[in-house]
Structure formats: C-alpha cells, structure tokens
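Structure first, then comments.
In this text, all values refer to a predicted model and were calculated from it rather than measured experimentally.
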Amino acid sequence: MRLQWIFIFLMLACWIAPTEEKTESWDLSSLMSYLFHGDHEIESDTVMERSLSRGKRATAATEYTVDIEISFPDASLTSLIRDFITKNLTYLNLNSTDTQIKSISVTTACNQIGSNVQCTCESGYMWPTGVCNSTSSCPGSGASSCNCIQGTSIPAQYCQPKPVSMKLSLKLLEQYTDDLKDPTSAKYKKFKADLEAQFAKAYGSLSGFQSATVTGFRPGSVVADYTLVTEPTSTTALTTANNNLVDGLKAANYSVSGIKNTVYDNITITYSPGSIYYRDTVLLTCIVSISSFTNVAWYLNATQPIAASWYTTSLTDARTVSVLTLNNILLDGSGTYSCIVEDSLNSYQANTTISVQPLDITVLNTNVACNNRDIPVMQCCTQGLSTEFYMTCSVSAGLQGVVINNSLCKTYQVTGNKTTCGGLNSGSYDCTCYTMNGANGTRNVKVTYQATYSATVTPNVYTISEGKYLTMDCSCDATSVNSITWFLQNTSISSENYTVDLATCKSTLTILTTMAWNGTYQCSVNTGSGDRISDSKDITVFKLIKSSQISVNLPVSNFQENSQIPFSCCISDTTGYKQASLQITLVNGITLPPQTMTKTSQCFTATYQPVQLMDFTARCNITNDNNDNVVSSDMQLKFIKEAKCTTPYVGAKDSVITVSCGADDPTLTGTKNLTCNGVYWNEVPGTSTCRSAALDNIKNQIDALTSPVSKDQVPNVLGSLSSVLNAEKENISASSTDILIVISALQTLEVVAEKIKKPEMQNFLNVVDVIVNNTGTWEKVPDKVQQSSNLLQSVEKFAEKLTITGPITLKNNSNIQLEANTLSNLTATGDNYMANFQFTHMGNLTGNILIDRNSLSTFPSNATVVSVAYATLKDILNATSKNSSITGDLNGLVMTTTVSENYTDFQIEMNFTKINPRLNKTMCVFWNFKSQDWDNTGCRPKNNSDNTTVTCICDHLTSFSILMSYDYPTNREAERILTYITYIGLGISMLSLVICIVIEATVWKSVTKNKTSYMRHVCIMNIAVTLLMADIWFIVGGAMSDLEKTDACVAATFFTHLFYLCTFFWMLTMGLILFYRLMCIFHDLSKTVMMGISFFLGYGCPIIITVITVAVTQPSKTYTYDKKCWLNMKESMAFLAFIIPALTILLVNFVTLFVVIIKVLRPSVGDKPKKEERSSLNHITKCILILTPLLGLTWGFGIGTMSSKILAIHGIFAALNSLQGLFILLFGCLMDKKVRDALFSRFSVSRWSSQQTKTSNLSSTDPVFSRGVINLFGKKGVYNISSAQATSTSEASNSYSLLT
C-alpha cells in the first residue's frame, strides 16, 4: 500500500496591541492543539509553526501572519478539513485584551506521492516567482502553468495572496486648468510626481503593496484618479493608509477633500436614439444600484465637465438615476460620456461613446431644363445608416417638385416644360431634412429654368487620380453664344485651361489634376441679353503620388546568399491607397510573381529572400482607392559572394551603394551614396540629397496648389509650414537644401495667395525667421544672391497682400519684425506713418521709418502701409556685385516698406543705427531686383551730427539699407605705401631668416657646448624657421585676398596663424629659459626635459589653439574674412585666438625683462660704487638692446593699429613686424660673440687668432664700454665671478653663457 501524506497550510492573521514593558509569549503548539483537539474532534498527526512573518513593534498595534502546517495521511479528509477551517472554525478567544485573531485562510495544499510532493495554491493565492523558477510543473498541468508544482520536498515558501488592483480617486481643492489635460505639461508632471510620492509613503505599509499610479485628472475641483495594486487588505488597513495619505498631502500643502474607491460595477449607462444625427435631442440615462448619493457629475471625453443644468438626478426604487439631456446636439458632441455618481465611500463610474452624424444635404443641379425631364435638385442622405428621416422643400417663385424616397437618401426633383416654365427665369428652393428626434438641416438652392436651351457637361471620367488629365466637354443647343466660361466651386477657371468654339457652342476643358481640382465643375454659356445656361458635374480626385516622391530604402545595394532583404517604399501618408506589391525582375529578364507588401501609416514593406543568386531589380507597385497604380523608382540589387562590409549593408571593398536618408534618420528623405572601406560604410562626399521629410511633404502639397480654389488652402499650408520649421528649426536652418525648398515654397504661395490676414502673416514671418537664422548656411546656398533676392521679393509680395483694419505689430521673432497700418486709420488720427524696430540680441540694433502726412496723401484711401525689418539679412546680402561701382559693407538693418496700392511721388525717411560706428563714409541704398545688386538711385543720406546713426531719404519704396566704409582722404595711396613697406620688409626679413638658419647650422657644434647655450640656439633656430614659414604663408594668403572665400584661403590663414603663434611661443620659451637660468641657479633640469617642455610650448600650444579656432568658426564660414585671407574679427572674433596669446606672451616677456634688469642691477660685494653704477648701466643698456627684439616687443606697436587710423602708426607697425627676421639675424645671431668667433674660425684662421688676442687683452685692461655691445656681461661682477671660462660646465658658467 502506497503511503500518501496530505499537507494543508494555514495563514493565521492576528492583531497584537502590546502594553508598556510587556513581552508576549505564544505557545503555538498549545494553540494548535486547542484548535484541532479541543472541541472540534479532528485529529492531526503533525501541527507545526513554520514562520512568523512579522516581528513585533514596540509602539503600536501590529499585524502578524503565522504560517501553520497541518499534515495527515488520509487524502479523503482534505475537503472536510478545508471546509471546516474556512467555514466552521470558530476563532479562539485568547483571553487577552491586546491580542485578536482576525482570519484563518487555507493557502496551500500538498500531496505526497511516494518520494515526490505535489503542491497547489488555493483560490486567490499564487506561488512566489522564486518558487516557480526553481520547481517543475505537475504532469499534465502545462509547462506555462505554475499553479501545481512538483518536487522532492515541500517548498520553503507557501502560496501568497494574489495582488488586486483598486481604482481610487481623491479630490484636491485646487483650481483645475487645461494643463492637467496634457500629461507632458509641467503642472501635470508636478501633481503626478507629488501624489505618487505620497502614495508610496501612505500605501507602502500595506501588506504586499506593489504600486500606486496616477491615471489622470479631471475637473471638480481637481479629481485625481489613480490605481492601487496590492495584496488583498482589510478595510481597516486601507482606511488607515488613506488617512495617512490625506495627512501626507496636507503636510505637502495640498488640500484634500476625500478619497473614494472607483467602482465600475452596479452602474449602467444607456442612450437614445440609437442613431444620432446633427441637432437630435439625445437622452443619456445613468442608473446606479445605491439608495443615496452625495454627488453626480457628467463629463465629455473625461476632462470636459458638463453643466449641472443639463442633467437631473433622482432616487427611484433604491436606485440613483441621472438623466443627461443633449438638446440640438452638434457634430462636436461626438465622444465618450462619463457618468460619475458618488456616495460617502465609493465613486461609481460608467462610460459610453456616441457618434453624431450629419444629415448630408447636397445640391445636385442648379439648372432645370424645361424639356419634360426629371431634374434632381437636392438630395438628403444618412451616410449609409438606415434610419427614419424626412425631407420637405418649399419653393419661392418657381416650379413645384416632389420628394423621391429610398432607404438611405431622399431626392427632391423638379420637372418642367415650355408651358410650366413660361415666364419663369429662376426659382429658389429651401429643403429641410429632419428626424423625429429633432435633427434637422436646411439648405437653399437657386435654380435657373431653361425654357428652350440647355448645356451639357460630359466628363471623360467622374473619378480620377492625381497626375491624370481630366477632359470635360461642354455643349449646348443655343443658336447664339456670346461666351463660354468654366468654374470650379463657383470660382472661374483660367481660359488657358480650355478651348472655346462659339459657332458650335462647344468647349473642352483639360486639366492636369491634383487634389486641388476636386469638386464641382460648371460650364456657363452666355446666350446674350444676360441669359445664361449651364451644366455642372462633380468630379472626385483621388490621391496618387508621383513616382519621384516615393522614397525607396535601397536604390542601389548588394545581397548575398540566404540574405533576407527588407524593402520599403514610403510616402507621406498611405491613407487613400489600397495595397502595394513588390515586383522582382531578374537580370535575365524574367519577372517573378508579385509579392504583397504590408501597409503601415507611411510605408509599404516586404521582405524578400532571393532564390536565384543573380542581380535583380525591385520596384513597388502602389494602388490607390481609384485602382490606379504608381510604380516606384528601381531598386537595383547586385549579388556578391564575399562581403567586407556587413553592417547594416553588405558590400565588397570600394563598392558604392545608394541608400535612403530615412534609414538613419526617419525625419529625412532623399538618398546618399555609401562606400565600403573594407570594414565600415562611409558616406561619399557631395552625393547626399538628404532633406527634411516633413518639409518635402509640405513642398509637394504647395506644388499641387494649381486650381483656382487653391487660395483657400494657403492659411492651412502656411500654418503647417511654420509648424514644421519651428519643430526642426536647427536642422533646417543649417541645411542649404532645405533653405532652397522653403524659398521655392514661399514663391509658390506668394503667387497663389490673394489676401493675407494677420495669422497667416505671422506664420510667414516665422518661416522667414528660421531660414535667415543661420547666416553661415547661406554661404553654401547655390547662387546665394539670387536666392536671397527671391526671398526678399517674396516678403515684399506677401506684405503687399496683407489685409488689416488697423495698426498691427508682429515682433516676436528674433530675426524679422513687422509693423503695418492702414491709410484710413492714419487719416482719421492725422498721424504720420511711423515704424520703429529694435533687435536687442543684435547689440540693440535699431531702425526707424517715417512717412509724413503730405506723402501719405498721395496714397489711395484703401492703401495699407507695411514695414519689415531684418536683423540678419545684412550678412546674407552684404556683398556687392564685382562690376558694381558701389562698395562698402552693410552697416545697419535691412528695412522694407510696401504699399498695397499704386502711389505717386512721395518721400520716405529712414533712420539706421550703425553696426560699426567707426565706418564714416555713408551711402543710402536699395536692393535692385533687376540688377541683383544694391543701388543708390533716388536715395541720399541726410546730414546727421550723430556718429552712431544714419538718416536716409528716398523717393520710392522697396528694401533699403546703408553701405558704409572708412573715409580716408588718401586711402588708396596709404594702402599702396603700407603694401610696399610690408612686402619689402618681408623680403628682407625672409632673406635674413635664411641667412640666420644657415649661420646657425654652420656654427652649431661650436656654440652649443653647454646646456644653456644649446637651449638658447634651439630657440633661435625655431624662431627663425617658424617666422620664415609664417612670412611665406602670409604672402600666399595675400595673393588670394581678392578672391572669394575658398578652402585654399582658409588653409593659408590657418598656417599663417599657426606659425606666427609658434614664433611667439618660442619667444616665450626663450624668455622662460632666461628666467629659469637666472632665478634657479642651484636647480638643474636635464636637456631632455627642457627640450620636451620647449617643443610642447613652441608647437603643441599653437597647434591646440589654431585647431580649436578653425573647428569652432569654420563650420559657419567665419574663420576668415570674405575677401581677406586673415582671421575674422567681425562675425566670429577668431582674431582673438591670435592677439590674446600674443599679448599674453608679450606681457610675460616684459616681466622676464624686468626681472633680468633687477638681477643685473644687484650690486656685487667689494665693488666700488661708481664702478658698480657704470657697470649696471652698461648691463641695462645691453639687456634692452638685445632682449627687446628677441622677445617680440615690437609687436606692441600693433596695439595702436586696432583703434587708430593714423597712417604713421600703421606704417611703423608694418615696418617693425615685417623686419622681425632682420632683428633675429642681428640680435639673435650676429651679435653673439661666440657665433662670430665660430664664423671667423671657420673662414679665417689668422683673423680668428688676432681677434682672439684682441679680445683677451680687452678683457683684462679695457673699460666696460670700450668692449662694445657685442661682448655682453664680459665684465666680471654680475654674479661676483672673476674667472669663469667659456668651457666651464658649472651652473654659473651656464648662466653666463646664456647672457652672452
């Protein structure tokens, strides 16, 4: 007999309220013995306490959970024991005032079968995740089920209560605002974060608490709905947690009205009628099975409260009934209605959604031919919903008609003949469509009765796709015809679109359709004496994108064996397209069966695995709702056996593929070429056509605005364009391709638009503000002058079409501002026209416009005057034509003034703030669209004593600014003189530097016998080399200064900048070595360390400075001037990257010179006063004569040139700096006695011997000044050294050698 043991596990919950200084002692064995032996007559083989889930706290009543195991061998007793425990077991009276058993529940039942134990959870309980992961399921229970588990022993953890989700709400006494509808708003996020933080604190004490999350906010004051997920808990515990939550929120400065449980049971909501139409009366009834309530509220779409006057609430048969009445419901009444009924504890909620349908009343014909034909005039339909409705029509001065009924539509038709139409020319019909629930709609139609003649319009199709030609023929039976005119939606169509043959009364309309051509076409025939006959037809145009507008992901690519190739063909919106198929054509000409593609919101996709390993071509065939097709461009796939690049595309080394820009960035469209370098794919420069996909889509919509009714779409399209540019401002303003697209779009809109209102003008300015924001991008725009001129002209055209009734100001953009006024308003107030502009972010750049009353009197009375100011256009349109006689820089705002009507002679006065007040030669100019250049015809500057502003007076209107330059009386002569000085000096300098380098190389071994002299000559050599290279690159850059900005000019500027900085930093290095050898006599660095530090200072620092400068400024094309190969001082201040290090080094070398002089002046012990004074003066003179040119102090003359226009200062600076190489040769090389001695020794031995003797004699007998400037510090006493030898290796000798 197999032994089976049954184990039942109980969870006993109790409350203990400990008293002060008291410790409870539980004898659970006795307790369980009492439970199962006492009065209940159930035997238990084993009763054991397995765990006590919570410890006792010392301060408050605590809930404990005790897991108890009951085991017995008879499986038949399982059900009896379970029922007894859960239904009949009476809780113990523990005879304790502070301990109480709350509940006893069966959680787990285990059955031992042989060596295995199978355990299952009771209803409402589940295994912990750790138990499920570490055990196997019972046989036959399913691998995914974790209710029954099997193992060799009973799990250490028993089943736990399943978590429950509770819907709750609380009311905050706060003002509800629309921000709380938007989960992304700051207020929503703050409320949500604050509440959820308090939820965690309050509900964290609940057993098994998991989460508490805000699900939304609704009015009244602010009702926060949230979901609490926790294990089943007692009402007492939940109430305590709710009270804690209220206290916590109050501590966080939130006023809380109460917390309620949200219940979706016991409440229903119904509505009638079942089909709802425009202006129906709708009743919504909400019934809750509660006998009392505290509040009732109705909401539309969860957040829109419905006024209490719209609904009534009553108690009927212990139920609460609320009825919401919606009278004359409108189309925007569609949505989800919520009924919320609250009592003291709960909030009952029910939702229902209704849809309001319009009663469509359509005019079918406006012409009634009196030829006994039934002419349908008006039709009312219910959009395919079968419901009972009615139609009545009243006639005014016309023929009576009849209503024809069918299930979905009712048609009013009129029949006439020559008799009934006698004397009637026209009639008017008012038709009303209504239901018994109050829905109604009325429409009027005026018809023309044609007694004898009729016109007939015959289209080639009634439905057509975009890009197809629509042909419509119009004919009539009139004998005399004066004209034939076509209309679309009652707007005349240009005669360029149709032909007319008056003799036969025939006309043919031909249209290349876009979506703008959808609507009702009418052919109107004028038969003379004001009589007209006409006919009309409705044409439906379906979307059909152009093949070029389909973005394919793999225009040119590769594949390998077993490749899964993803194909996608994307358009702006797949709505209106039924399906798409992938067509594969192999290289051998075989076309495979088409493969159906998957449709998404914007793309059709398919995955294809080639079976035949050969090249093939793929294309997408897209079908629209009119069953017309469009085929994408070809996608060419080439088979390769071995790939070097595998991610994300496969390809051999050096292979080139073409991919969609959207593959890397979904916001882009267009293509780019990639090439495989053997490991990775790199973009091929100059092949990208990437552009903003959203912008490209809007441009396509604008290009489709070809119909006469397209003008109505301008506001919407402008709004969309403004939104796209605002969302992608940084990317679009940095893309020359996108800028060209926007300019083209604005030109098209300017032609289509007829009248522009203030909102459209604001959107237009927003668009312009974005594309002129980054002036550096305009340097990459092809034909920049033409495109910027087109933009300027579009602004003027839009301004001329601005329609306003009074003064307006649009100044919320950073780069463009507008002011406008009407002449009628100015006339009424007697004011002059004035416009004032100020751009604070541009250095408080301002401009003012004045047109006095006398000039305004020449304008038509209905005229509108509009002024626009541009902050950045001065940088875009700054350059004048090469052939222009006008020169200078734009030195102020560009301002445009236009008038909506024609005008005669007048005068406009404009005041400009100078950008650069140092420019003093002024020319008032306007932009000439014909010559594409600035022109001063009709404009002149006005005398103005203010040096910061310029006043211009012009006798016409367009776009104005000021061109300014320096006014030097002998400017050209001065430039020529400075040029001669510079180039002659550079020639001398370069020759001197070459000589210096040759001399240093010749005598190197002779003059570098100790460390100090070695480092000195290293510095001299590098100064000579870097200054020589700087002079060479300076000449190269000067030769390109008259050219437009080129990469060669940038390179010349870069190397000039680099080598001049190297010269300065090597001068700094020499000064620091001098300082080190004088001040740190007893400290010695190795030659290697000194060389490393010197070369880092001499070359490392300049490279870092120049590379950072070009990296920061060149992307915006502001590293150099437009026509000068030198660092830009205007836009980017790149020149500071040269002048700041130079001046800093100059300052450091001055300090070094000062320290050296103080050191030389230090008196030596034992010297006589007069002799010390004479020696000190000699040393000071020699230091100044030698160190000043060597350390680059002559660059100090350049400070004056930055603020002065005096020719002498510029000339001195040019001469001193261009002769820097000569200074290096004289003071750094030839004046060194050791260098001269080495040269004499190399080229004349006898001369060297005599010179050596002479020098020896001088050193012992001659006074100091008799030795000349060459023999620096030859007199002993500077360091109180009397017999230092030239070959000494002591520290004192090194210092001495440095000074000689």
Side-chain angles (χ1 to χ4, degrees), residues 986 989-990 992-994 996-1001 1004 1007-1008 1011-1037 1050-1077 1085-1114 1119-1120 1125-1127 1134-1149 1152 1187 1189-1195 1198 1217 1220-1221 1223-1225 1228-1229 1298:
L986 283 175
S989 179
M990 292 170 64
S992 301
L993 290 170
V994 171
C996 180
I997 293 171
V998 172
I999 292 175
E1000 286 288 335
W1004 184 264
V1007 297
T1008 58
K1011 189 189 310 179
T1012 304
S1013 62
Y1014 180 85
M1015 291 305 302
R1016 175 179 178 274
H1017 285 280
V1018 166
C1019 291
I1020 291 295
M1021 192 70 162
N1022 280 279
I1023 289 172
V1025 171
T1026 55
L1027 186 57
L1028 176 61
M1029 295 302 298
D1031 290 345
I1032 292 173
W1033 279 107
F1034 181 83
I1035 293 175
V1036 173
V1050 174
T1053 304
F1054 174 81
F1055 286 112
T1056 305
H1057 182 198
L1058 172 63
F1059 287 116
Y1060 271 132
L1061 280 180
C1062 289
T1063 302
F1064 273 99
F1065 274 92
W1066 276 109
M1067 290 180 179
L1068 173 64
T1069 302
M1070 176 177 283
L1072 294 178
I1073 291 174
L1074 172 64
F1075 182 84
Y1076 169 72
R1077 302 308 295 169
L1085 292 174
S1086 68
K1087 184 188 295 184
T1088 303
V1089 173
M1090 294 181 70
M1091 287 288 287
I1093 296 173
S1094 299
F1095 273 85
F1096 176 77
L1097 280 176
Y1099 292 108
C1101 293
I1103 289 174
I1104 293 172
I1105 294 172
T1106 51
V1107 169
I1108 291 176
T1109 304
V1110 75
V1112 171
T1113 59
Q1114 185 55 23
Y1119 181 58
T1120 65
C1125 294
W1126 186 234
L1127 299 173
F1135 183 67
L1136 295 179
F1138 171 73
I1139 196 64
I1140 290 178
L1143 293 178
T1144 303
I1145 292 171
L1146 186 64
L1147 177 61
V1148 172
N1149 285 341
T1152 301
L1187 294 179
L1190 288 181
L1191 300 180
L1193 297 183
T1194 53
W1195 286 85
N1217 281 286
Q1220 190 78 356
F1223 298 153
I1224 297 298
L1225 174 63
C1229 184
L1298 177 66

Discussion item. Just checking F1034: does its CZ atom have more than 12 heavy atoms from other residues, nucleotides or ligands closer to it than 6.0 angstrom?
Written reply: no
Discussion item. Using side-chain heavy atoms (C-beta onward) and a distance below 4.5 Å, is V1018 in contact with S1094?
Written reply: no
Worksheet item: Which value, rounded to the nearest 0.5 Å, describes the distance between I1023 atom CD1 and L1027 atom CG?
Response: 9.0 Å
Fill in: side chain to side chain donor-acceptor pair (under 3.5 Å) between T1063 and T1026, worked out
CA-CA 6 Å; T1063 302; T1026 55; 3.1 Å; yes
Worksheet item: Does the side chain of H1057 reach to within under 4.5 Å of the side chain of F1135, using non-hydrogen atoms?
Response: no
Worksheet entry | Verdict with reasoning, C1125 to T1120, per side chain to side chain contact (heavy atoms under 4.5 Å, CB included) | CA-CA 6 Å; C1125 294; T1120 65; 5.9 Å; no
Worksheet, complete the sentence: Separation between CG (L1127) and OH (Y1119), nearest 0.5 Å, reads 5.0 Å
Discussion item. Let me confirm one number: the CD-CG distance from E1000 to L993, rounded to the nearest 0.5 Å.
Written reply: 11.5 Å
Worksheet entry | Smallest separation among heavy atoms of A1137 and I1105, with atom names | O-CG2, 3.5 Å
Practice prompt. Provide the closest heavy-atom pair for I997 versus A1024 in the form atom of the first, atom of the second, distance.
Written response: CG1-CB, 3.8 Å
Worksheet item: If you round to the nearest 0.5 Å, how far is OG of S1086 from CE of M1091?
Response: 11.0 Å
Item to complete: Check whether any side-chain heavy atom of L1097 sits under 4.5 Å from a side-chain heavy atom of L1072, and report yes or no.
Response: yes
Discussion item. Can you confirm whether M990 sits close enough to I1035 that some side-chain heavy atom of one is under 4.5 Å from a side-chain heavy atom of the other?
Written reply: yes
Practice prompt. Find out whether Y1014 and K1087 are in side-chain contact, i.e. whether some heavy atom of one side chain is under 4.5 Å from a heavy atom of the other.
Written response: yes
Discussion item. Before you tell me yes or no, could you show the steps for I1020 and C996 under side chain to side chain contact (heavy atoms under 4.5 Å, CB included), namely the whole-Å CA-CA distance, both residues' side-chain angles and the distance that decides it to 0.1 Å?
Written reply: CA-CA 9 Å; I1020 291 295; C996 180; 4.2 Å; yes
Item to complete: Would you sort out whether F1059 and I1032 count as a side chain to side chain contact (heavy atoms under 4.5 Å, CB included), showing the intermediate values?
Response: CA-CA 10 Å; F1059 287 116; I1032 292 173; over 6 Å; no
Item to complete: Verify ring-ring contact (aromatic ring centres under 6.0 Å, His included) between F1095 and W1066, making sure each step is shown before the conclusion.
Response: CA-CA 8 Å; F1095 273 85; W1066 276 109; 5.2 Å; yes
Practice prompt. List the steps and the verdict of side chain to side chain contact (heavy atoms under 4.5 Å, CB included) for Y1060 and W1033.
Written response: CA-CA 10 Å; Y1060 271 132; W1033 279 107; over 6 Å; no
Discussion item. Once rounded to the nearest 0.5 Å, what's the spacing between atom CD1 of I1103 and atom CD1 of I1108?
Written reply: 12.0 Å
Discussion item. Within the 4.5 Å heavy-atom criterion, are F1054 and T1106 side-chain neighbours or not?
Written reply: yes
Worksheet item: Can you find a pair of side-chain heavy atoms, one from L1061 and one from P1141, that are under 4.5 Å apart?
Response: yes
Item to complete: Evaluate the side-chain proximity of L1058 to P1102: yes if any heavy-atom separation is below 4.5 Å, no if none is.
Response: yes
